[in-house]
Amino acid sequence: MGDKNGQVVAGGNGRGNRLDQFSWPTNVLIDKETDSLIICDWLNQRVVRWSRRSGTTQGEILIDNIDCRGLAMDDQRYLYISDVEKHEVRRYQIGDKNGTVVAGGNGYGDDLNQLNKPTYIFVDQQEIVYVSDKNNHRVMKWNKDAKEGIVVAGGQGKGNALTQLSNPRGLFVDTLGTIYAIDSWNHRVMRWPKGAKQGTVIVGGNGPGQGANQFNCPRGLSFDRDGNLYVVDYNNHRVQRFSIE
């Protein structure tokens, strides 16, 4: 905190497919067990692990031939990765190249056993998988070992009503099952209490723009320990912080 300049911890050698390069990375998480970063290297169609120890000059490929967008890890250190071309989420034990389908995997579509361009994912302590089902304009919940999902936000077609989402992205679910979702094309962040038929707008929703209460196609979100909300404001090239009641 307080630094005016960042430090490159992975990549930084131009765009490419060498092990010291990335091509449009989309997501990252920290694996505390191995003190490493796990990164979705999207256009290289691979997931890479990069040690955080000093002196590291390149990463290692964990999984390849995957059109990865979203990334999550559960308490047992299983990796969950969304594949936007196969319209599925798979769970991987680290070191396993094949994984197991835990959401979707039945081609693209809007049936309850299907996804259409899944992006961001969130996994809770019960290994329940939540998925931003982008092109279906909904958030889906897949219980462990379920053959189909449950619509928990949106699912009423693309639109800006409080019952709708438009290209949902970033996702967070609290311990009460409340869903926080980036409603990207509506330029807002929405909160959906467990079981609710409609959400509430907690920030944004004031059209696209550069104002302090506006976004332009936001993508990712995160909370810190004090409950502050951080939003990746994609087309405004910034990250915004909000204190949420």
Side-chain angles (χ1 to χ4, degrees), residues 1-73 77-99 117-123 131-132 134-135 167-172 182 184-185 187 208 210 215-222 224 230-241:
M1 289 297 289
D3 280 355
K4 295 292 183 221
N5 299 303
Q7 176 189 354
V8 177
V9 291
N13 297 299
R15 180 183 167 194
N17 62 6
R18 296 194 317 250
L19 288 178
D20 65 346
Q21 295 177 307
F22 297 109
S23 182
W24 300 99
T26 58
N27 222 312
V28 60
L29 57 81
I30 297 173
D31 180 11
K32 291 179 183 167
E33 191 90 6
T34 58
D35 194 24
S36 59
L37 303 170
I38 296 176
I39 300 160
C40 266
D41 187 10
W42 171 43
L43 278 191
N44 283 326
Q45 297 200 317
R46 64 191 185 188
V47 175
V48 178
R49 177 164 58 192
W50 199 295
S51 173
R52 295 172 75 204
R53 297 186 186 95
S54 62
T56 302
T57 57
Q58 64 179 41
E60 59 172 321
I61 297 170
L62 290 179
I63 299 152
D64 53 13
N65 299 316
I66 183 166
D67 220 318
C68 56
R69 239 13 119 70
L71 198 55
M73 183 181 274
R77 293 186 64 243
Y78 280 92
L79 270 181
Y80 296 74
I81 305 168
S82 62
D83 187 321
V84 291
E85 288 307 309
K86 291 182 180 164
H87 311 286
E88 67 185 19
V89 178
R90 280 183 183 259
R91 180 177 65 217
Y92 296 82
Q93 199 162 10
I94 290 184
D96 166 23
K97 299 278 189 192
N98 297 317
K117 301 284 184 190
T119 54
Y120 290 75
I121 49 182
F122 183 91
V123 181
V131 187
S132 279
K134 183 174 79 78
N135 284 11
N167 277 51
R169 302 277 188 155
L171 201 52
F172 179 84
I182 295 270
S184 185
W185 286 3
H187 317 286
Q210 297 179 354
F215 302 113
N216 193 338
C217 290
R219 287 283 179 97
L221 61 77
S222 185
D224 67 17
Y230 297 79
V231 180
V232 176
D233 192 4
Y234 186 70
N235 283 353
N236 282 327
H237 315 289
R238 65 187 184 183
V239 177
Q240 293 214 71
R241 181 177 67 192

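From a predicted model like this one, the values you see are computed outputs, not experimental measurements. Just so you know, these numbers use all the heavy atoms, side chains as well, and skip hydrogens, waters and symmetry mates.
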Answer yes or no: are there more than 12 heavy-atom neighbours, outside Trp185 itself, under 6.0 Å from its atom CH2?
-> no
Please step through side-chain hydrogen bond (donor to acceptor under 3.5 Å, both in side chains) for the pair Asp67 and Gln45, ending with a clear verdict.
-> CA-CA 5 Å; Asp67 220 318; Gln45 297 200 317; 3.2 Å; yes
Measuring from Ser51:OG to Asp35:CG, what's the distance to the nearest 0.5 Å?
-> 6.0 Å
Mark yes or no for whether Arg52, through its side chain, and Lys32, through its backbone, hold a donor-acceptor pair below 3.5 Å.
-> no
Heavy-atom closest pair, residues Ala72 and Val123 = CB-CG2, 3.9 Å
Gln58, CD atom: more than 12 neighbouring heavy atoms under 6.0 Å = yes
Any idea which heavy atoms bring Leu71 and Asn27 closest together, and the distance?
-> N-ND2, 3.8 Å
Between Phe122 and Phe172, does the ring centroid distance fall short of 6.0 Å?
-> yes
Least distance between heavy atoms, Val48 atom then Gly59 atom | CG1-CA, 3.8 Å
If you measure from CG on Asn98 to CD on Gln93, what distance do you get to the nearest 0.5 Å?
-> 12.5 Å
Supply the atom-to-atom distance Ile66 CD1 to Arg90 CZ, rounded to the nearest 0.5 angstrom.
-> 8.0 Å
Hey, mind stepping through Val47 and Ile61 against side chain to side chain contact (heavy atoms under 4.5 Å, CB included) and telling me if it holds?
-> CA-CA 6 Å; Val47 175; Ile61 297 170; over 6 Å; no
Rounded to the nearest 0.5 Å, what separation is found between the CG atom of Leu62 and the CZ atom of Arg46?
-> 11.0 Å
Between Asp31 and Arg77, is there a side-chain N and carboxylate O pair less than 4.0 Å apart?
-> yes
Could you go step by step and tell me if Tyr234 and Asn216 meet the side-chain hydrogen bond (donor to acceptor under 3.5 Å, both in side chains) rule?
-> CA-CA 7 Å; Tyr234 186 70; Asn216 193 338; over 6 Å; no
Measure the spacing between CG of Leu221 and CD1 of Ile182 and express it to the nearest 0.5 Å.
-> 4.5 Å
Could you grab the distance from atom OH of Tyr78 to atom CZ of Arg91, nearest 0.5 Å is fine?
-> 6.5 Å
Does NZ or CZ of Arg169 lie under 6.0 Å from the centre of the six-membered ring of Tyr120, at an angle within 45° of the ring axis?
-> no
Closest non-hydrogen contact found for Glu88 with Pro118 is N-CG, 3.7 Å
